[in-house]
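Beneath this line is the structure, given in structure tokens, with notes to follow.
Below, chains carry the letters A, B, ... as their sequence lines are ordered, and counting in each starts from 1.
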Amino acid sequence: MADEPKGAPQGRDYRETLFLPDTPFPMKAGLAQREPERLNYWAEIGLYARLREAARKRPKAVFHDGPPYANGPIHIGHAENKILKDLVVRTRQMAGFDCDYVPGWDCHGLPIEWKVEEDFRKAGRKKSEVPAVEFRRACREYADKWIPLQREEFKRLGIEGDWDNYYTTMSFEAEAAIAAEFLRVVRTGLVYRGSKPVMWSPVERTSLAEAEVEYQEKTSPTIWVKFPIKAVRSALNQGHGVTRGLEYADASVVIWTTTPWTIPGNRAISFSPSIQYGVYEVESIEQGLAFEPWVKPGDKLALADKLAEDVMRTAKAASWKRVSDFDGEGVVCAHPFSGKGYDFDVPLLAGDHVTDDAGTGFVHTAPGHGADDFVIWTKHFGQEGIPFTVDEEGRFTKEAPGFEGLEILQLDGKNIGKDGPANKAVMDALIEAGALLARGQLKHSYPHSWRSKAPLIFRNTPQWFIAVDKPYAVGGGRTLRQVALAEIDRVDWGQKRTGDQTGYNRIKGMIEDRPDWLVSRQRAWGVPLPIFVSKADGSILQDDDVDARIVAAMKAGGADAWWATDAQEFLGAKHKAADYEKVEDILDVWFDSGSTHAFVVGNPEAPTRESFRNPVTTIYLEGSDQHRGWFHSSLLESCATRGRAPYDEVVTHGFTMDEEGKKMSKSIGNVIEPQAIAKNNGIEILRLLIAGAEYGDDLRLGKTMLDQSTEMYRKLRNTLRYLLGSLKGFEESERVDVKSMPLLERWLMHRLWELDRTVRDAYTTYQFRAALSAIVEFCNVDLSAFYVDVRKDALYCDAPSSERRRACRTALDEVFSRLTAWLAPILPFTAEETWLTRFPDDVSVHLRLFPETPAAWEDDFAGEEVARLREARSVVTGALEVARREKLIGAALEARPRVWVADESLRASLQAIDFAELCITSGIDIEAGEGPADAFRLPEVAGVAVKVEKAPGIKCARSWKYFDPATALPGFPDITPRDAQAVMEWDAAR
RNA sequence: AGGCCCGUAGCUCAGCUGGUUAGAGCACACGCUUGAUAAGCGUGGGGUCGACAGUUCGAAUCUGUCCGGGCCUACCA
């Protein structure tokens, strides 16, 4: 070629003189293979440390990781959670904050305890035979085994953070800190000992969690019991002047139950205000029975109207009459065993749990033996007056006079788990007292232990609580509930940044309704309640020196120190171990995670941590289930100890469902593993999908969405690739000032300016979807389908010196700068690949900030002008499409349209620029007027009509534009003058 | 069973305080290009706005009921 003369003869191949996109950046990403390589690169350059260093002087945005449970491989829910967190952290960091991410793990709790127990059992050892310290060590080892595995899986998701210095709730430091936090709550005076019925297995002598319970068929006795009415209080006392209730003076309220042994524990009867009741008098009993029924003519019984007939028939009454209405309000009964140690009032209490589906419409209420019973009792009387009638082996205690020592279940022998003597003894006593109306048997579903298969009972046990309705000093004399509610108003749950009230309503409702916090558990794997209780008066020992010794011991030896150390050592010289009960319970694991703020991030109000120099905001992000979980416990813990929520902003996400919106489950087989996505698609496909989802709702994940996300990825990748190719060799000297740019470039810069605001706003309010869709739409609609399409000619064919081409490349450089930054949080791998392809000497795209966009780029005129031009253009492209269908043309460059424009100002706009260039045609004629009737028009664009004609002249061998050969420059007969200019420049540069 | 929430084209989503023929991107079909080419451009089909009832001159947008789905409901992390 070099030998050929300048101004080559016809037939010269001009292809090499073009500036076609050129880049080593491959179209095919190979994500699955390259992502791990990129992770290695970041590890090599120490990206995390560099990020911290770069942000050292910036204002802090504190992101606190809610610790996942250290158990099992991660699933898609973890992936969504961690990826969203990563998006928050990366966008905050690039927006100019110092946003650190310290991942953590939650380690204590039942799942691990169960697993370890099972392992011991497989090895032939029962939990009760394993020393506590050995058992706990095994739990620790179990968690320790999973943490590194999960950590590697999380890292594979592209989560940037301090993976070498993660926190756990089981480190000695954490265990000591959690214990210290509890002691701090104790000092507020909010901790008290109360009681609560729990699922209890007498056979195993242990309480059970709901998940350890299974329901089986069981045949139980059923009894109908009369409670004689003693008094009617409310009406008389409230002075309505109505002597209501005289008609029920000699009546009895009838209850029905399947657990006769709970009768000694009865303290109330529940009724429903929305059920109709009446007093019924027995007139006659059935004759000819083999036995004498307990019911007698003249008996007056209060019953739900709907159930009265059933009860009467069961009791073998032959006829009866309704004497009066019955209103339970204020009614007080006597206990059937009154006179035998049960001489208390049995009040009637209104409760929503009462139905008239079965029984009598009145519910026997033994607050120590049922969840509903407990709730309604404590609602009226608090923790007072709840008896402990049954011990841990299911035997009546002395609080059940007359039955002491009798067992509910047989505890050993052949009939272990079968009914013991308790039920029969109670029924006999009821008969003797004349209180039994009828009895029978019922087969029903009843809770059993999933281990021993033995029946369970509800049993009242002493427990530790944190009071939510008691004023305390840290709360400034308010109650914990009041402080928490005030903090809920202060915190942004989304209601402030997006107007979405969901999270706010949810947490508020929960705090408004919740009872006292039950913090004690009769378990092994956790942090103890490190307290001593005075045997003399039941008070908790509060001594700073003792507390300090406890915390110090735990720092040195972990929570085990509580059990391993002699009580006297903690108590020191001032107190005698014999005077105190050392509490052996462990803390609710929610207290653990509720305390993480204290030892992971601290907060400005934390007395134990140095305040951050320049705190901005503390962010929590978790699934919406954490309104009941971590958000909740952290709020209460922090409000109790510091009078303040530990966070300022809370972000929540929904759950990951399958394609149909159904829960993913192994048994259905609709589970998608993040590991599989990483391996098959590349994790960025998932990251892109999550960034584009409305994460507050549930996320549907299936093949369709992954395909769609892949497609979106390809589009973005190709856009980046094209930018790289077009910017090859771009130098600062080529840069053009915005003011001297052509309209099209001024418009593009204006779009960048607009996008900058959209993206920043979206990122600061964590609306990743809004940012991403704005970016994608820009890439598709503005860049690819319009700007680049139009500018290809200039980009490929103009001489390097061309002002137009320089302006174009300047604008594209700014596009590149922003797209790589804006996409970096979402596509960290691809953004890095793109950035380093262009700037191989730079370290990482992730060390950048979102580029500032000069205010001078705002150009409303260009924005509106180009919008009008594009409208007019759409009529031309529409017309070209028709011409194509009619085979008049193929490529648009084969056309030279005639355009009639009625509006003078629009016509002026079209004439002010090269409209042919915009339409990618070889020339265009713009004329005034409405145009001929057969011209092409679009209904939505008034006053523009187009007729397509074939472009005259010859086809330029270089730019493929049709032109008049008479205008060709000497020596270049087959190309346009513009191309001739470019070729001469190209030739000269060789 | 209760509390909170979701339900707009095949998919992901816009549609503000109710107001003309309900929009975008992707997917799909067809066409163009072959100098972003396992790419790019254009055109087109596709929605009883979960169902029903109500308020209103007028509802995807307000109210109620129902259906489907999700999370939570105190020893579950």
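Between the side chain of A:Arg506 and the main chain of A:His627, no donor-acceptor pair closer than 3.5 Å is present.
Of the candidates B:A36, B:C75, B:C26, B:C26 carries the atom nearest the A:Gln708 side chain, counting heavy atoms from C-beta on. In the set B:G25, B:G42, B:C75, the nucleotide with an atom closest to the side chain of A:Glu881 is B:G42. When the nucleotides B:G40, B:C6, B:U43 are ranked by their closest atom to the side chain of A:Arg885, B:U43 comes out on top. Checking B:C72, B:U12, B:C5 against every side-chain atom of A:Asp625, the shortest atom distance belongs to B:C72. The side chain of A:Thr461 has B:C75 as its nearest neighbour among B:A36, B:C5, B:C75.
Using a 4.0 Å heavy-atom distance criterion, A:Arg514 is classed as making no nucleic acid contact. Using a 4.0 Å heavy-atom cutoff across all strands shown, A:Met712 reaches no nucleic acid atom at all. Note on A:Gly725: nothing from the nucleic acid sits closer than 4.0 angstrom, heavy atoms only. Within 4.0 Å of A:Asn718, counting heavy atoms only, lies at least one base atom of the nucleic acid. Using a 4.0 Å heavy-atom cutoff across all strands shown, A:Val788 reaches at least one base atom of the nucleic acid. Among the protein residues, A:Glu711 comes within range of the sugar-phosphate backbone only, with heavy atoms under 4.0 Å from sugar or phosphate atoms but none that close to a base. Residue contacts for A:Phe655: at a heavy-atom cut-off of 4.0 Å it reaches the sugar-phosphate backbone alone, with no base atom in range. Nucleic acid contact for A:Gln463: base, since at least one base atom lies under 4.0 Å from a heavy atom of the residue. Residue-level contact check: A:Arg717 touches neither bases nor backbone, having no heavy atom under 4.0 Å from any strand. Residue A:Gly692 is in sugar-phosphate contact alone, with no base atom involved, counting any heavy-atom pair closer than 4.0 Å across all strands shown.
In this structure, A:Lys663 reaches the B:C71 phosphate: one of its side-chain N or O atoms is under 4.0 Å from OP1 or OP2. Listed pair A:Lys792 / B:A36 meets the phosphate criterion, a side-chain N or O lying under 4.0 Å from OP1 or OP2. Residue A:Arg721 places at least one side-chain N or O under 4.0 Å from the OP1 or OP2 atom of B:U37. Remark: A:Lys887 is in phosphate contact with B:C32, judged by side-chain N or O atoms under 4.0 Å from OP1 or OP2. A close approach under 4.0 Å does not occur between any side-chain nitrogen or oxygen of A:Tyr713 and OP1 or OP2 of B:C26.
Atoms NE2 (A:His627) and P (B:G70) sit 19 Å apart, rounded to a whole Å. The interatomic distance linking A:Met657 (CE) with B:C11 (C1') rounds to 18 Å, in whole Å. When rounded to the nearest whole Å, the span between CE of A:Met510 and P of B:U73 equals 7 Å. Regarding A:Trp960, its CH2 atom lies at a distance of 16 Å from the P atom of B:C32, rounded to whole Å. To the nearest angstrom, C1' of B:A38 lies 8 Å from CZ of A:Arg714. Rounded to whole Å, the distance from OH on A:Tyr695 to P on B:C71 is 19 Å. In this entry the distance linking CD of A:Glu659 with P of B:C11 reads 9 Å, nearest Å. In this structure, CZ of A:Arg884 is placed 14 Å from C1' of B:G44, rounded to the nearest angstrom.
Remark: the separation of the C1' atoms in B:U8 and B:U48 is 12 Å, to the nearest Å. Nucleotides B:G50 and B:U12, compared at atom P, are 14 Å apart to the nearest Å. Rounded to whole Å, the C1' atom of B:A14 lies 28 Å from the corresponding atom of B:C57. Separating the P atom of B:C52 from that of B:A60 is a span of 12 Å, rounded to the nearest Å. To the nearest whole angstrom, the two C1' atoms, one in B:G46 and one in B:C4, are 35 Å apart. Comparing B:G23 with B:G15, their C1' atoms are spaced 7 Å from each other, to the whole Å. The same atom, P, is picked in B:G25 and in B:C62; the two are 27 Å apart, to the nearest Å. Between B:C28 and B:U61, the two C1' atoms lie 30 Å apart (nearest whole Å).
Between A:Ile775 and A:Leu819 there is a side-chain heavy-atom pair separated by less than 4.5 Å. Residues A:Thr834 and A:Phe816 form a side-chain contact, since some pair of their non-hydrogen atoms from C-beta on lies under 4.5 Å apart.
Of all heavy-atom pairs between A:Trp464 and A:Ser520, the closest is N-OG, 2.8 Å.
For A:Arg506 against B:C72, a side-chain-to-base donor-acceptor contact under 3.5 Å is absent. One N or O donor and one acceptor, one from the side chain of A:Ser784 and one from the base of B:A36, sit under 3.5 Å apart. One can find a donor-acceptor pair under 3.5 Å joining the base of B:C75 and the side-chain atoms of A:Gln522.
Using a 4.0 Å cut-off between charged side-chain N and carboxylate O, A:Arg805 and A:Asp798 make no salt bridge. A salt bridge is absent between A:Arg481 and A:Glu512: the closest approach of a Lys/Arg side-chain nitrogen to an acidic carboxylate oxygen does not fall below 4.0 angstrom. Electrostatic pairing of A:Asp793 and A:Arg978 counts as a salt bridge here, judged by a charged N lying under 4.0 Å from a carboxylate O.
Remark: B:C66 base-pairs with B:G50; criterion is Watson-Crick or G-U wobble with both hydrogen-bond distances under 3.5 Å.
For an aromatic pair to be called close, the ring centres must be under 6.0 Å apart, and A:Trp517 with A:Phe591 satisfies this.
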